[in-house]
Amino acid sequence: MDYYKRIRKEDKEIYKAITGEEKRQAEGLELIPSENYVSRAVKEAMASSLTNKYSEGYPGKRYYGGQEFTDQVETLAIERAKKLFKAKYANVQPLGGANANIAMYFALLEPGDTILGMDLSHGGHLTHGHPVTYLTKIFNFERYKMKNVETGEIDYDEMRRTARRIKPKIILAGFSAYPRELDYKKFVSIAREVGAISVMDIAHIAGLIAGRAAKNPFDYGFDIMTTTTHKTLRGPRGGMILVRESEEIAKKINKAVFPGFQGGPHMHQIAAKAVAFGEALRPSFKKYAKQIITNTHAMEKVFKKHKARMLTGGSDNHLILLDVWKSFGISGGEAEKLLDRAGITLNKNAIADDTRKPMDPSGIRFGTPALTTRGFKTKEAARVAEIMIEVLTARSDAAVKRAKQEIKKLALAHPIPESFK
Ligand SMILES: *Cc1c(COP(=O)(O)O)cnc(C)c1O
């Protein structure tokens, strides 16, 4: 492989680990819904000499000299992000999704202030106030939940009552394990009623929004969106904060990201973000985003047919949560291991109000973004779902072996496209 010719010569150990990982990604099927394959162009930007440069500050306002080209890079990333998400302001410097959320909280809140966010076992993210994060030592997180886990409907009446009572400074929407679209209008109306800022963490569905396959929270009046750039959006590992229209908020966000929290921006990653945003502005990205959802629906249909229990009854986006404990009598951990042996990579996941322990919960979570990048269409996606059911039902070595052979065939028939290698 020409791409690594220097590493191959100069650092055999790392060369072996990198190429081993590439082989793993090529031969198995990746169903972790937060993972994807980035394009070769994105990788080239990440491997560029921009990594050598310190660019503390923002375009036109840097602490060091020599910023002619880094300013061009960051400005392009910002302009493309704004267009993609209909934002007036964008900060492309956060190093990851967690960093973006942390900077957003500190930009808008004082210690002790309250955030009203989605219950974690109902789909919220660690950075939305999980007790293991230090954020909970500083801010006060309160919760809203689903009213009905069979349909996924959020209890908006309860949310409004809670908001009136606790007067949060931020109402936070967004999730890493919730398969439905939210009623953005209701979020915004509740936030406005109690004088809170509305924030949507679109980390998981940014690609669906950019590809116009999911609603854009800004169209419903959300103030801020935070995101990762490496999930459905198919860019480099990183984060971003978007502001719909308030200059005052945008200024606070910029100050919180730098110098509040971070040092020099990773300009090679920002260049890669710009490349990925450029790709997402093309018509082909719309097709990809739409196909992600079509493929999820194809899998959903199979699980419905076999009467397997999906949380919220199915999915509107790129991911499905399956209650394997109720459907197959095995834990999420066991299901993850069985499917891993068959060449299907996904993760165990707690389900709403799980009766089992977090380390071995009742569910598994999986999705279609990486398969879609590989060129999977409904027929192949449905077949993957059938294979999953066969393995989870039979649980025999013979069934795993049969599944593994078929998965490998499917993977070989749909190699990672040349432009994504
Ligand atoms: C993945 C995710 C994050 C964190 O992103 P990292 O880049 O891993 O820090 C934040 N919020 C949500 C909703 C996520 O799904």
Side-chain angles (χ1 to χ4, degrees), residues 30-36 38 42 46 81 85 91-107 115-130 132-136 139 141 143-144 146 152 154 170-182 184 187 198-210 214 217 222 224-242 253 256-257 261-262 265-266 269-270 272-273 276 292 315-321 346-350 352 363 365-370:
E30 187 54 70
L31 269 76
I32 295 177
S34 50
E35 294 189 11
N36 217 325
V38 298
V42 166
M46 279 193 274
F85 292 97
N91 187 309
V92 295
Q93 292 192 6
L95 305 179
N99 307 54
N101 281 340
I102 294 167
M104 176 271 294
Y105 293 138
F106 277 89
I115 298 143
L116 180 58
M118 175 83 130
D119 189 274
L120 298 170
S121 81
H122 287 222
H125 187 257
L126 274 178
T127 56
H128 299 181
H130 193 285
V132 299
T133 65
Y134 295 153
L135 287 167
T136 56
F139 305 117
F141 289 87
R143 302 286 163 213
Y144 57 85
M146 285 183 263
I154 305 272
I170 291 175
I171 290 192
L172 180 62
F175 43 77
S176 358
Y178 179 75
R180 296 296 183 186
E181 276 209 298
L182 299 168
Y184 296 133
F187 274 90
S198 49
V199 181
M200 167 78 180
D201 180 348
I202 60 167
H204 258 259
I205 58 168
L208 304 180
I209 294 170
F222 263 82
I224 297 176
M225 297 201 282
T226 59
T227 187
T228 61
T229 48
H230 50 271
K231 296 180 182 174
T232 49
L233 190 50
R234 215 162 62 181
R237 200 153 283 281
M240 173 161 68
I241 305 174
L242 302 152
I253 296 278
V257 173
F261 263 92
Q262 294 185 176
H266 294 185
Q269 296 295 92
I270 293 176
K273 286 174 191 175
I292 288 177
S315 175
D316 300 325
N317 57 26
H318 63 301
L319 69 84
I320 290 174
L321 266 171
L346 46 67
N347 62 278
K348 59 178 186 273
N349 212 98
R365 183 190 73 151
F366 49 92
T368 55

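Both ligands and their constituent atoms are indexed starting at 1 by order of listing. Hydrogens, waters and symmetry mates play no part in the numbers below; they use all other heavy atoms, side chains included.
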Which of the atoms in ligand 1, numbered in the order shown and given with their element, are less than 4.0 Å from a heavy-atom of [X]?
X	answer
H230	7 (O)
H204	15 (O)
G96	7 (O)

Exercise. For the ring pair Y144 and F187, is the centre-to-centre distance below 6.0 Å?
Worked result: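 Aromatic pair counts; centres sit under 6.0 Å.
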Looking only at protein heavy atoms, identify the closest one to [atom] and say how far it is in Å.
atom	answer
atom 2 (C) of ligand 1	K231 NZ, 2.5 Å
atom 11 (N) of ligand 1	D201 OD2, 2.6 Å
atom 6 (P) of ligand 1	G97 N, 3.4 Å
atom 9 (O) of ligand 1	A98 N, 2.8 Å

Does any N/O atom on [X] come nearer than 3.5 Å to any N/O atom on ligand 1?
X	value
T228	no
A203	no
N99	no

Within this structure, what is the [atom1]-[atom2] distance for the pair [X] and [Y], rounded to the nearest 0.5 Å?
X	Y	atom1	atom2	result
N91	Q93	CG	CD	5.5 Å
L95	I102	CG	CD1	10.5 Å
M104	L242	CE	CG	12.0 Å

Problem set entry | Between H128 and D201: side-chain donor-acceptor atoms closer than 3.5 Å |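 Judged by distance alone, the side chains do pair up.
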Exercise. Counting heavy atoms not belonging to R143, are there more than 12 under 6.0 Å from its CZ?
Worked result: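 Enclosed.
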For this session: Taking N99 for its side chain and G238 for its backbone only, find out whether a donor-acceptor pair lies under 3.5 Å.
Result: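 A pair under 3.5 Å: no.
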